[in-house]
Novice: 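Below: one structure in structure tokens.
Sequence lines set the chain letters: A, B, ... in the order given, protein chains first and strands last, and positions in each chain run from 1.
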Amino acid sequence: MLKMSTLLLRTLRDDPADAEVASHKLLVRAGYVRRVAAGIYAWLPLGYITLRNIERIVREEMDAAGFQEVHFPALLPKDPYEKTNRWEEYGSDLFRLQDRKGNDYLLGPTHEEMFTLMVKGEYSSYKDLPLSIYQIQTKYRDETRPRSGIIRGREFVMKDSYSFDLDDDGLALSYEKHRNAYIKTFDRLHMKYNIVSAVSGAMGGSRSEEFLAPCGTGEDTYVLCEKCGYAANVEAMVTKVAPFSGDTPAAMEVFDSPNTPTIDSLVELLNATFGGGFKASDTLKNVLLMADDEAISVLVPGDREVDLKRLQANLHGVEELRLFDDGDFAKRPGLVKGYVGPQDAAKLGLRLFADPRVQIGSHWVTGANAKDKHVRFVTHGRDFEVERFIEAAEVRAGDLCPECATPVVIDRAIEIGHIFQLGRKYAEALDLTVLDKDGKPRVVTMGSYGIGVSRAVAAVAEQTHDEIGLCWPREIAPADIHIVATGKDDQPFDVALQLATDLENSGMRIMLDDRRDASPGVKFKDSELIGIPFIVVVGKALADGKIELRVRKSGEKAEIALDGAVAHILKTVTAE
RNA sequence: CGGGGCGUAGCGUAGUGGCUAGCGCGCCUGCUUUGGGAGCAGGAGACCGGGAGUUCGAAUCUCCCCGCCCCGACCA
């Protein structure tokens, strides 16, 4: 039983000055967490109970799925991370340190290497697979900018699992088992979430999905089709267009276009010269970029911008991507800023990519690769060819769902889980093989799966709070019932304690506000701020043999007879 | 890393060259009060983020450093 007279808890009336998002403000005000340094938080009793409740739910669901829990240190030697090249690759996000002898160590940002080595050390036969193991561990990442309280910290608690299989079919099955376990977990956490296709990136894996909890303060943007439920990370959104069906136009025709280096000015000129009806989407924008050391051109309709993040996610293997600057133009005199067209790309040594909207057979108004000249009827397939189509154009609300062609919406969310078919990258780097039926060594294929446990505390707070405070689902809350005693005599306090004891003996987790000096108003405000789902008030109504039962979320209040109260409360609480 | 902002008691803040740094919350003592963040009286708590400088005089001006927040870049 938590007794507020002795609980290490001090609620604050004012929002902390350094907090911006609701979960951060409320978790600090309600006495759940305190900041220790940027992105590093201490958990007070209420917060730590809450964190452990979420941890427990996650653990129970992982165990139920047949995954085995292990535990690694956070403090790790450099060597395994050198072998996979992540000592370097992770860059300055990695917390590095040295021991007294000058040997290098790191604080684990994620543990693929260690899990791979553990399996390598213990197993060597295909008969031992499949295997899924997990841990709940504190991770360290020296984020350049921690933000939003405990949503993005430099130290955080994460559940990470790894699956090991002999072949792709096995991996697909392990992935599916994790996916199902995650669905059960997040359902039990009472979270609203979408499972969103993500780009698997340069890691080589084939399938990757994120569990995103929709929330205005979230930092991830994703696309959602409200009709069919299709959801995708903006990077992974697929553009679907009907095949081009118009006639092939006449040959390319160059025309004068002085002082029209922008799409807007070009549209204006077109309407003045060739009659009305031209739109930005009839023109072709040639976006020039440097991909590592290579010049590329990406073709998008004139009304779209190139989304660099999307482009990079779909340009596999490119480390650095940036728009052309004046120096790049200066080095390539054939490219005239504002007047670039794809028809001479081969001659100019440009690699060409096109947005799927720039279909084969479609024709465009674009630059003539000469100052003050544009050209029309430039036809894809006749006048230029691209290396391949690429998803690079910005995604907008109203773009069509690739599954059912309904306009999609764009929403923000917090990433609470990520499941990922890793493939053989780590197994290869660390030489994790098992002998197959034929006695031949085979490299194991892996999946990796994460849930942000401490982040989930904040995410649930974000999704469930209201104007007056936190509002937890029962299984997560620091207690099931918050009993408040008010009055100056001993009686309500004695009754409240007895009630608390009886309810506790019936399996309820109780927080009892037995403070003798705090006024009723203070106690009520605190109970609302702290957000335990049921509040029982023992006070004024006691004169009539009654107590009050409140539901935090709905604000419902009901007076019930003290006689038989335990049974009544149990019924209400467990009916939720 | 670029841009913006902020560091004054546990928390929220006022003070922008001049006396002993002010207020609210919280905390301690006493009395009163007890159904919506009570009242009165008394009290403790601050090397004003750190250092150097300018000045008769610095929380206040200048420079350097440190820390923190926000936007962007970055982010399994």
Novice: I need the minimum non-hydrogen distance between A/T116 and A/F164, along with the two atoms involved.
Specialist: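 Nearest heavy atoms, A/T116 then A/F164: CA-CE2, 4.1 Å.
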
Novice: So, do A/H111 and A/Y162 have ring centers that fall under 6.0 Å from each other?
Specialist: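 No - the distance between ring centres of A/H111 and A/Y162 does not fall below the 6.0 Å cut-off.
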
Novice: Check this one for me: any side-chain N or O of A/K540 less than 4.0 Å away from OP1 or OP2 of B/rG35?
Specialist: no

Novice: Under a 3.5 Å cut-off for both contacts, is B/rG12 paired Watson-Crick or G-U wobble with anything, and if yes, with which nucleotide?
Specialist: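 Matched B/rG12 with B/rC23 under the 3.5 Å cut-off.
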
Novice: Go ahead and name the base partner of B/rG2; Watson-Crick or wobble counts if both distances stay under 3.5 Å, otherwise write none.
Specialist: B/rC71

Novice: Hey, does the side-chain of A/E528 have a donor or acceptor N/O within less than 3.5 Å of a partner on the base of B/rG37?
Specialist: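 No such pair is found, so the answer is no.
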
Novice: For residues 30-49 of chain A, which residues have at least one heavy atom under 4.0 Å from RNA chain B?
Specialist: A/R35, A/A37, A/A38

Novice: Roughly how far apart, to the nearest Å, are B/rC69 and B/rC64 at atom P?
Specialist: 23 Å

Novice: With RNA chain B as reference, determine whether A/E219 or A/D15 sits nearer its 5' end, using the nearest nucleotide of each.
Specialist: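 Here A/D15 is the residue nearer the 5' end.
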
Novice: Do A/D307 and A/K309 meet the salt-bridge criterion of a basic N to acidic O distance under 4.0 Å?
Specialist: no

Novice: Is there a Watson-Crick or G-U wobble partner for B/rG30 with both distances under 3.5 Å, and which nucleotide is it?
Specialist: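 Here B/rG30 is engaged in a pair, and the nucleotide opposite it is B/rC40.
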
Novice: In the strands shown, is B/rG18 matched to any nucleotide by a Watson-Crick or G-U wobble pair with both distances under 3.5 Å, and which?
Specialist: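 Paired with B/rC56.
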
Novice: What is the nucleic acid contact for A/V537, judged by heavy atoms within less than 4.0 Å: base, sugar-phosphate only, or nothing?
Specialist: base

Novice: Take nucleotides 23-28 of chain B nucleotide by nucleotide from the 5' end and write B, S or -, depending on whether a protein heavy atom sits under 4.0 Å from the base, only from the sugar-phosphate, or from neither.
Specialist: -BSS--

Novice: Would the A/Y182 and A/F211 ring centres measure less than 6.0 Å apart?
Specialist: yes

Novice: Taking B/rG42 as the reference, what is the distance to B/rC61 when you measure between their P atoms (whole Å, please)?
Specialist: 35 Å

Novice: Report yes or no: do A/Y41 and A/H24 form a side-chain donor-acceptor pair below 3.5 Å?
Specialist: yes

Novice: Is it true that A/R207 and A/E176 have a side-chain N and a carboxylate O under 4.0 angstrom from each other?
Specialist: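 Yes, A/R207 and A/E176 are salt-bridged.
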
Novice: When the aromatic ring centroids of A/F115 and A/F72 are compared, is their separation below 6.0 Å?
Specialist: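 That pair passes the under 6.0 Å test.
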
Novice: Would you measure the distance from the P atom in B/rC47 across to the matching atom in B/rU60 and give it in whole Å?
Specialist: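 16 Å, rounded to whole Å.
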
